[in-house]
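For reference, the structure is listed below as structure tokens.
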Amino acid sequence: MTLTSNPQLGAARIALADDVSIRAAHLLRRAGFTPTRAEIDRAVGRGYEATVDELLHPEDRPDLEIEDLIRRYHVDQNSLMLLESSQGYWMYRIINSQRPLEEKIALFWHGLFATAYGKLNHAKAVVNQTHTFRRHGLGKFADILVELSRDPAMIFWLDNKDNHRDAPNENYGRELLELFSMGIGNYTEADVKAAARAFTGWTIDNTEYMSIRASRDSFWPYGRIDWQFRYREDDHDDTEKTFLGHTGPLSGQDVIDIIVKQPATAHYIAGKLYNFFVSDRPDEEAIGILADEFIRTDGDIRAVMRCMFMSDFFADEAVRLGRVKSPAELVGGTARLAGSHQSPEWTISNLAMDVNFMGQEILNPPTVEGWHTGMEWIDTGNLVERINAAGAEMRDTARPGVRAIIERVKTRGDRLEPRQLAEACLDAMGMFEVSDGTMDSLVALAAPWGEVRFDRADTVACAEERVVEMLQLIVASREYQLA
Amino acid sequence: MTTTATATFTYSHTVGFLAYRGRGFIHPVDLTLGDGGVMHVLNRGGAESVGRLDLKRVCVCTADEGYIGEWGAGGTEAGQFWWPSAIAQGGDGQIYVTDESLQRVNVFGPDGEFIRHWGETGDGPGQINRPADIIFAPDGSLLVSDGMNHRIQRFTVDGEYLGGWGSYGAQAGQFNTPWRLACDTDGNVFVADWRNDRVQAFTPEGRFVGQWGVSGDGKGQLNRPSAVAVDDEGYIYVADWGNERVQIFAPDGEVAAILLGDATTSSWAEDYLAANPDEQRARREANLAPTVSPWRDHHRETSAGVEARFWGPTAVNLDDEGRIFIVDSCRHRVQIYRKNS
């Protein structure tokens with residue numbers, strides 16, 4: 001498999017494409033989930049920098065407008081008691097949110113601070129954690145770490161409820177340093193122990209009762225009860241500690257303040273952001289630029305993201321279509337493109353299951369390390385899943401997004417030759433660059449059809465079906481599997 | 001306006017227990033009240049994965065926690081449920097269940113044997129799109145809240161269309177995704193006009209009479225009201241779904257009471273806890289009304305953290321003994337209150 005070995009794809013640009021649209025589409029793919037052509041046009045109209053600023057301020061756009069409808073029609077997504085219900089809820093958000101970067105950054109932090117239903121047996125607790133990422137994910141990194149340290153799901157996940165003044169548990173303190181901020185090799189075992197002591201007393205209410213319920217997966221008698229953060233001063237070790245060269249009666253907040261100022265933290269988080277938003281292959285110079293911005297702004301993630309989106313390395317042709325879409329990106333993005341699930345439909349569970357089958361159980365990552373990304377999303381089995389799921393989304397001419405694509409294709413002419421049809425479909429999907437090989441395949445598909453005609457009443461339905469067949473082949477292409 | 005409210009309302013007890021099958025409920029959404037305190041509790045279940053279709057069922061029990069049995073199952077065949085939304089029982093004992101996904105009304109005998117179904121998807125007269133509620137009017141006809149068609153329709157028990165009113169909008173007589181209905185003894189119709197944050201009242205012929213509520217979470221304000229009931233004295237009970245409470249309006253329009261939920265453990269729940277003594281002991285020692293950090297949707301998050309509170313109240317039913325039955329959908333139970341006149 002050489003999906004990303006040639007990131008430029010030998011890129012044949014379709015005749016209809018222009019530099020501004022290509023750059024806008026790239027931004028929207030990375031900051032969101034498969035933009036529609038209308039969204040690309042809107043971004044072009046607003047201008048690149050204005051679009052970046054709009055993405056970075058999701059609070060200026062309305063929150064999910066169908067949230068009440070989801071909760072009404074999916075009672076199980078109101079209680080969020082079950083994992084599959086909660087996964088379906090997140091798929092709705094990915095598909096329908098007008099704040100794409102809010103969902104994308106939540107997915108990023110969810111992958112980095114990976115917390116899994118499997119140990120908690122409390123789906124809503126993990127959903128609540130993702131809401132924390134929505135609220136704070138573009139804020140100061142120090143605030144994100146404070147919220148994370150107070151998050152009941154994380155407290156349960158990494159055993160900080162068992163971290164007591166007289167019997168420290170190092171699990172959270174260790175992962176905070178190793179996986180969540182600095183990376184291994186930048187601290188000592190003594191620092192781990194000090195961090196753990198600093199977070200003693202950061203726990204949840206009713207620890208014993210909630211632990212018993214979680215351990216036996218008990219939702220009786222009346223469903224899950226949301227866990228609540230509680231700081232127990234009487235269980236906090238307020239004695240002197242030495243952490244990364246700082247000595248004093250350090251608290252958890254003090255430890256976070258020290259962590260955020262470490263160059264290693266800036267580099268570690270910059271690298272993770274680069275990997276998620278820019279390229280599967282690290283570029284130390286680019287990561288250095290992002291790390292510098294992290295340090296300059298005291299860990300302001302919004303500023304770092306802005307620096308990234310406005311950078312030359314982000315605009316570089318070499319990184320366009322250079323990332324493999326995660327399953328959530330692929331499935332959610334394709335549903336957005338097709339216009340499906342814009343109102344509650346029970347089939348949302350099937351979409352969530354598709355994501356699971358492709359190897360990404362959102363809200364239930366495999367380990368505290370999250371998912372292995374990039375080419376590891378692809379193997380012979382799940383590639384078939386990816387292609388089939390994407391194709392199934394595009395097969396219905398009545399879906400609003402598919403309908404919009406068809407109508408846009410029609411504007412390219414009443415009669416389209418095979419190559420014209422392929423280019424019109426790619427353009428209407430916002431896919432402006434494909435390899436010669438992909439284009440040849442699309443034209444070969446359409447060749448037996450000859451001229452596709454929208455100008456006769458007796459051929460329109462057939463022509464629309466041809467468009468849908470073309471869309472299904474396009475979403476099966478190598479380029480569509482990439483962002 | 002001078003308040004004339006004289007009634008008070010006190011918590012009685014709770015019926016229910018979370019159970020995928022048998023004695024208990026899973027995401028109940030509606031119920032009927034029959035002779036001898038027999039209840040048919042409609043369980044929507046979810047999610048719609050193959051292994052969970054059996055959760056969708058009707059649990060038959062009594063208001064004093066007697067378990068009688070269950071019937072029904074999830075599926076798309078005749079007599080099965082996919083998104084069951086409402087249940088009503090006629091004087092002859094036949095039971096009518098609406099389905100918001102299969103777009104039909106299933107008709108069952110008193111013991112749950114399937115008889116027939118009717119209903120056709122669409123937006124023409126007599127067609128339905130997500131039928132949210134079904135109730136009997138005093139004249140024996142059936143009123144259906146036609147959710148996504150934003151209207152109320154009247155049918156015979158055989159599904160023959162008799163008329164209807166309403167359209168999408170926020171003006172008097174218009175609706176936005178209406179949910180539950182109620183009738184008073186004169187046949188006047190009360191509609192929980194869900195996305196308009198109000199309750200509207202109509203004559204039996206559908207002429208607008210009045211409305212209650214404006215958007216908000218203050219006293220007398222409503223946030224996505226799901227259900228309404230009216231008693232013989234003219235008190236109006238509104239399940240204020242988005243605010244996770246029940247508001248009771250006196251006949252003069254003043255708020256007579258606001259119920260937030262007071263659930264205690266049912267006898268079914270006590271049986272479970274008795275069989276799990278370590279869990280029972282830890283529960284007794286726990287604070288089940290902790291301080292909740294309101295960070296997003298205050299009322300919902302409070303309900304998710306405080307077990308006794310209503311969470312997603314979807315139906316309010318009254319019996320002739322002055323009892324108020326509130327279906328607490330996300331807590332898998334029915335909380336029962338009593339009116340003291």
Side-chain angles (χ1 to χ4, degrees), chain A residues 63 67-69 71-89 124-125 127-128 131-132 134-136 147 150 152 204-213 215-216 218-230 343-350 352-353, chain B residues 14 16-19 24 26-27 29 44-49 52 82-83 100-101 130 132 148 177 179 194-195 224 226 241-242 263 265-266 268-270 272-273 276 278-279 282-283 285-288 290-293 295-297 300-301 304-307 311-312 314 328-333:
Chain A
D63 198 359
E67 171 107 14
D68 58 347
L69 288 166
R71 289 166 50 191
R72 169 173 169 173
Y73 288 103
H74 294 280
V75 184
D76 56 303
Q77 292 188 28
N78 195 7
S79 70
L80 295 171
M81 187 175 73
L82 303 171
L83 176 61
E84 62 259 47
S85 306
S86 303
Q87 291 171 328
Y89 171 73
K124 187 170 182 293
V127 173
N128 289 351
H131 284 318
T132 295
R134 290 185 183 92
R135 290 198 313 280
H136 297 281
E147 293 297 327
R150 294 165 52 94
I204 61 171
D205 265 332
N206 302 318
T207 307
E208 183 187 8
Y209 182 44
M210 299 307 165
S211 297
I212 290 173
R213 284 164 62 91
S215 67
R216 65 178 50 157
S218 166
F219 47 34
W220 299 288
Y222 298 128
R224 310 289 185 202
I225 301 170
D226 262 11
W227 298 329
Q228 309 295 331
F229 170 74
R230 192 65 58 221
S343 64
E345 300 171 49
W346 71 267
T347 48
I348 195 71
S349 295
N350 292 349
M353 289 303 293
Chain B
T14 289
F17 176 67
L18 197 170
I26 172 77
H27 294 126
V29 290
R44 190 158 171 132
E48 282 66 40
S49 52
R52 300 196 190 281
W82 201 262
W83 273 2
E100 292 177 307
S101 180
R130 297 203 171 170
M148 284 296 178
T177 331
W179 198 334
W194 184 65
R195 251 190 164 187
R224 303 293 187 267
S226 59
W241 180 87
T265 44
S266 67
W268 304 352
E270 289 295 342
Y272 167 80
L273 292 169
N276 294 274
D278 57 337
E279 196 170 335
R283 180 182 171 90
E285 293 173 2
N287 171 19
L288 294 177
T291 302
V292 175
S293 302
W295 44 260
R296 186 165 168 266
D297 178 342
R300 182 195 185 203
E301 296 311 315
V306 179
E307 195 188 64
W311 186 4
T314 55
D328 200 0
S329 66
C330 292
R331 288 287 178 209
H332 322 282
R333 65 193 175 194

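Every chain is numbered from 1, with letters handed out A, B, ... down the list of sequences.
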**OP:** Evaluate the criterion side-chain contact (heavy atoms from CB on, under 4.5 Å) for residue pair A:Arg216 and B:Asn276; output intermediate values, then yes/no.
**Re:** CA-CA 11 Å; A:Arg216 65 178 50 157; B:Asn276 294 274; 3.6 Å; yes
Original post:
Does a donor on one side chain and an acceptor on the other come within less than 3.5 Å for B:Ser101 and A:Tyr73?
Top reply: no
Report the option among [options] that has the most heavy-atom pairs separated by less than 4.5 Å from atoms of chain A.
{"options": "B:Gly46, B:Ala19, B:Ser226", "result": "B:Gly46"}
{"options": "B:Gly24, B:Ala269, B:Gly312, B:Ala282", "result": "B:Ala282"}
{"options": "B:Ser49, B:Ala304, B:Gly45, B:Ala286", "result": "B:Ala304"}
{"options": "B:Glu270, B:Glu285, B:Met148", "result": "B:Met148"}

Subject >> side-chain contact (heavy atoms from CB on, under 4.5 Å) evaluation trace for B:Thr291 with A:Gln228 >> reply: CA-CA 8 Å; B:Thr291 302; A:Gln228 309 295 331; over 6 Å; no
Atom group of [X] that falls short of 4.5 Å from chain A, counting heavy atoms:
{"X": "B:Glu307", "answer": "side chain"}
{"X": "B:Arg283", "answer": "both"}
{"X": "B:Tyr272", "answer": "side chain"}
{"X": "B:Ser266", "answer": "both"}
{"X": "B:Glu48", "answer": "both"}

Between the main-chain N or O of [Y] and the side-chain N or O of [X], is there a donor-acceptor pair closer than 3.5 Å?
{"X": "B:Arg300", "Y": "A:Asn78", "answer": "yes"}
{"X": "A:Asn206", "Y": "B:Asn287", "answer": "yes"}
{"X": "A:Trp220", "Y": "B:Leu18", "answer": "yes"}

Original post:
Do the numbers put B:Arg333 on top of the ring of A:Tyr222, so that NZ or CZ is under 6.0 Å from the six-membered ring centre and no more than 45° off the axis?
Top reply: yes
**OP:** Is it possible for you to check whether A:Arg72 lies under 6.0 Å from the centre of the six-membered ring of B:Trp179, through NZ or CZ, and within 45° of that ring's axis?
**Re:** yes
Determine whether [X] and [Y] make a side-chain contact, defined as any pair of heavy atoms from C-beta on separated by less than 4.5 Å.
{"X": "A:His74", "Y": "B:Arg44", "answer": "no"}
{"X": "B:Trp83", "Y": "A:Pro344", "answer": "yes"}
{"X": "A:Asp226", "Y": "B:Val292", "answer": "no"}
{"X": "B:His27", "Y": "A:Ser79", "answer": "yes"}
{"X": "B:Arg52", "Y": "A:Asp76", "answer": "no"}

What residue in [options] has the most heavy-atom pairs under 4.5 Å with chain B?
{"options": "A:Arg224, A:Gln77, A:Arg213", "answer": "A:Arg224"}
{"options": "A:Pro221, A:Gly223, A:Gly88", "answer": "A:Pro221"}
{"options": "A:Thr347, A:Ile225, A:Ile212, A:Thr207", "answer": "A:Ile225"}

So which part of [X] gets closer than 4.5 Å to some heavy atom of chain B, the side chain, the backbone, both or neither?
{"X": "A:Met81", "answer": "side chain"}
{"X": "A:Leu69", "answer": "both"}
{"X": "A:Asp205", "answer": "side chain"}

Original post:
Can you list the steps and then say if A:Tyr209 with B:Glu279 is a side-chain contact (heavy atoms from CB on, under 4.5 Å)?
Top reply: CA-CA 7 Å; A:Tyr209 182 44; B:Glu279 196 170 335; 3.8 Å; yes
Original post:
Taking it one step at a time, do B:Glu301 and A:Lys124 satisfy side-chain contact (heavy atoms from CB on, under 4.5 Å)?
Top reply: CA-CA 11 Å; B:Glu301 296 311 315; A:Lys124 187 170 182 293; 2.7 Å; yes
Subject >> CH2-CG distance between B:Trp194 and A:Asp68, expressed to the nearest 0.5 angstrom >> reply: 3.5 Å
**OP:** Determine, using ring centers only, whether B:Trp82 and A:Trp346 are less than 6.0 Å apart.
**Re:** yes
